[in-house]
Amino acid sequence: MRRTLYLKFLTGYFLFGILGFILVSTLTHQILKEELQRQEAHALYTECTEIASNYASNYYSGYMKLPELHSHIQTLSTYMNTRIRVVGVSGRVIIDSDDPEILAKDIEISGFDIGDFGGNYYMANDFYHTFDEQHLTVYATVTSNYKVRGYVLIHKPLSDIASNSYQLLNVMYVTSLLIFLLAFIIILMFTLLVYRPIRKIASVADAYINGDFSQKIDIHSQDELGHLAEALEYMANELNTLEDDQRKFVSNVSHDFRSPLTSIKGYIEAILDGTIPYEMQDKYLNIILFETERLNKLTSSLLELNKYGSHGKTILYISNFDINYIIRMTALSFEGTCKEKYISIELILSGQKLYVTADLAKIQQVIYNLTDNAIKFSSPDSSITIETTEKNEKVFVSVKDSGIGIPKDSLKKVWERFYKTDVSRGKDKRGTGLGLSIVREIIQAHNENINVISTEGVGTEFIFTLSLSKTQEET
């Protein structure tokens, strides 16, 4: 089995780590550097405006001598760890915190133009080639008597700002490493809690594909994976029994079809070759007709049962109807059969009308099948009782006979398709062994219950439930 899923997760994990490192070292670093530069420029601009308004303007107004101004500028430069210069409008340097003899040198910044700052109060460059490295330069205008006299410039090396960004970047690298390790722990948890169960499920699924349905999935969690494992095991069990069920089904169908077909073929051949004389042909033609009806009934039952299936959903047309009326009409339909066998049907019904909520046609079929079975296995001069009772919002319908009964070891098997007890084979000439299977499928489709109570030689009682109609009136 290829292990592609886990490899994909590991690949994704390492890609996450690599891409995260690249992101922090490039985009995040650049954003961090620009943000620190902006914050530093804002702080320097605040100091720059203070110097321009409180010191430089006093110098240009005559309230402060140049040595005094230089002293203040040098003190602030040392405190701020920056270089501070006061320049004229033309760019001539008047005071430089790093050069006390600046006046004697008469230095002018070549190409100086305050307009180069644009709409900003700072720039980051070598400031007209006056520095060997990049500096952050902030300016503030010096005014006196409403005239611009010069500018205060504060310079700070970008390397100082970069060192601060590298320190913060190192913190981010450590944080990213911790996140990467946390993700590794999550990968380990995923391996133990998700991937290994999936591997077990996949391994057992391969065994199922190869026809080995005996394998069990050792997963007992109460999550989706546990539910999937239970569903697969259930499916495997169903598939394991499907082939055996198919063999039994084909065997039963073949047996039930072979017997009448053999009789029909034999009698027709006997008629055609003259073995059966003409005067006796009516008798055997009636036998052929009997066997043909039996085949027709078997086919109809198979088609009916196929509507339900072993796990399929039966389409029900639910309505409210009077179950007592259905029972009375069903009993009347057997009046001729009962007279022939000297059997009476006694009805013990709860009230004149008793409404239930169910599929009328299918429940009528249930009552017909149970009554037909009761008549079929009842002895002459006996009675059949059909009774309805109400209890806990349920209607209990009972069909009871005093016939041959069902052996104890066959009670659970009577619901199986094609099953016939040994004692019933002699009486049930027309039966297909499908009637009770159909009955159970219909009742289960209604989410109701059906049970059988029987004593061999005494009789059998079938009891099923239906939901009592809440309205108790026909809709």
Side-chain angles (χ1 to χ4, degrees), residues 28-61 63-144 147-170:
T28 304
H29 180 213
Q30 184 63 29
I31 294 173
L32 179 64
K33 185 171 69 173
E34 291 177 358
E35 178 62 21
L36 288 176
Q37 182 176 298
R38 187 188 66 80
Q39 291 181 5
E40 186 67 26
H42 180 72
L44 292 177
Y45 178 72
T46 302
E47 297 295 333
C48 194
T49 53
E50 287 290 325
I51 294 171
S53 60
N54 294 329
Y55 298 103
S57 61
N58 288 337
Y59 164 73
Y60 281 106
S61 299
Y63 297 116
M64 184 181 292
K65 301 296 182 182
L66 190 61
E68 185 181 359
L69 176 61
H70 183 270
S71 176
H72 286 297
I73 294 295
Q74 195 170 35
T75 301
L76 290 172
S77 173
T78 303
Y79 172 74
M80 296 167 59
N81 193 26
T82 57
R83 184 175 179 177
I84 303 175
R85 290 192 286 187
V86 179
V87 299
V89 176
S90 63
R92 180 175 176 273
V93 181
I94 299 172
I95 292 177
D96 189 337
S97 61
D98 287 2
D99 190 355
E101 306 296 332
I102 192 66
L103 288 178
K105 298 177 181 179
D106 193 21
I107 296 176
E108 186 171 329
I109 300 174
S110 177
F112 175 79
D113 184 0
I114 200 66
D116 292 339
F117 281 88
N120 295 323
Y121 54 84
Y122 68 94
M123 64 170 59
N125 50 30
D126 59 0
F127 201 71
Y128 303 102
H129 309 291
T130 58
F131 299 108
D132 294 334
E133 61 175 320
Q134 298 287 303
H135 275 65
L136 176 67
T137 301
V138 177
Y139 86 94
T141 304
V142 181
T143 58
S144 177
K147 291 183 180 181
V148 177
R149 302 294 184 177
Y151 305 97
V152 176
L153 303 175
I154 300 180
H155 308 282
K156 186 168 186 176
L158 288 178
S159 58
D160 291 349
I161 300 174
S163 64
N164 293 332
S165 69
Y166 288 137
Q167 291 177 4
L168 292 175
L169 194 63
N170 288 334

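Numbers here are sequence positions counted from 1.
One distance of note links CD1 of I51 with CD1 of I84; it measures 4.0 Å at 0.5 Å rounding. We find the NE2-CG distance between H70 and D99 to be 7.5 Å, quoted to the nearest 0.5 Å. A distance of 8.5 Å separates CE in M64 from CG in N54, rounded to the nearest 0.5 Å. Between the OG atom in S110 and the NE2 atom in H129 there is a gap of 8.5 Å [rounded to 0.5 Å]. With rounding to the nearest 0.5 angstrom, the CG atom of L153 is 4.5 Å from the CZ atom of F127. Between K156 atom NZ and S77 atom OG the span is 11.0 Å, to the nearest 0.5 Å.
S71 places no side-chain N or O within donor-acceptor distance of the main-chain N or O of P67, the cut-off being under 3.5 Å. Checking side-chain atoms of D96 against main-chain N and O of D98 turns up a donor-acceptor pair under 3.5 Å.
The aromatic rings of Y128 and F112 sit perpendicular to each other, their planes meeting at more than 60°, with 30° as the lower class boundary. Between Y139 and Y151, the angle of the ring planes goes over 60°, which puts this pair in the perpendicular group of the 30/60° scheme.
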Test log, rule side chain to side chain contact (heavy atoms under 4.5 Å, CB included), inputs H155 and T82:
CA-CA 6 Å; H155 308 282; T82 57; over 6 Å; no
Step by step, would you call Y59 with I94 a side chain to side chain contact (heavy atoms under 4.5 Å, CB included)?
CA-CA 11 Å; Y59 164 73; I94 299 172; 4.2 Å; yes
Check the pair R83 / H135 against side chain to side chain contact (heavy atoms under 4.5 Å, CB included), numbers first and verdict last.
CA-CA 10 Å; R83 184 175 179 177; H135 275 65; over 6 Å; no
Kindly indicate, with the supporting measurements, whether the criterion side chain to side chain contact (heavy atoms under 4.5 Å, CB included) is fulfilled by V138 and E47.
CA-CA 10 Å; V138 177; E47 297 295 333; over 6 Å; no
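Considering only heavy atoms from C-beta on, E40 stays 4.5 Å or farther from Q37 through its side chain. Contact of the Y55 side chain with the L76 side chain is registered, since non-hydrogen atoms from C-beta on lie closer than 4.5 Å. Counting heavy atoms from C-beta outward, T141 and I114 have side chains that stay 4.5 Å or more apart. You'll find the side chain of N125 reaches within 4.5 Å of the side chain of Q134, heavy atoms only. A heavy-atom distance below 4.5 Å is not found between the side chains of Q39 and H42. Residues R85 and T130 have side chains in contact (heavy-atom distance under 4.5 Å, counting atoms from C-beta outward).
Of all heavy-atom pairs spanning V152 and C48, the tightest one is O-SG, 3.1 Å. Nearest approach of I109 to V87, heavy atoms of both residues: CD1-CG1, 4.0 Å. In terms of heavy atoms, S57 sits closest to T143 at CB-O, 3.5 Å. The shortest heavy-atom contact between V148 and V89 is O-CG2, 3.6 Å. Residues R149 and S144 come closest through the heavy atom pair NE-O, 3.4 Å. Contact detail for G150 and Y60: the closest heavy-atom pair is CA-OH, 4.3 Å.
Counting non-hydrogen atoms of neighbouring residues, nucleotides and ligands closer than 6.0 angstrom, the CG atom of D113 exceeds 12 such neighbours. The number of heavy-atom neighbours closer than 6.0 Å to OH of Y63, taken from other residues, nucleotides and ligands shown, is 12 or below.
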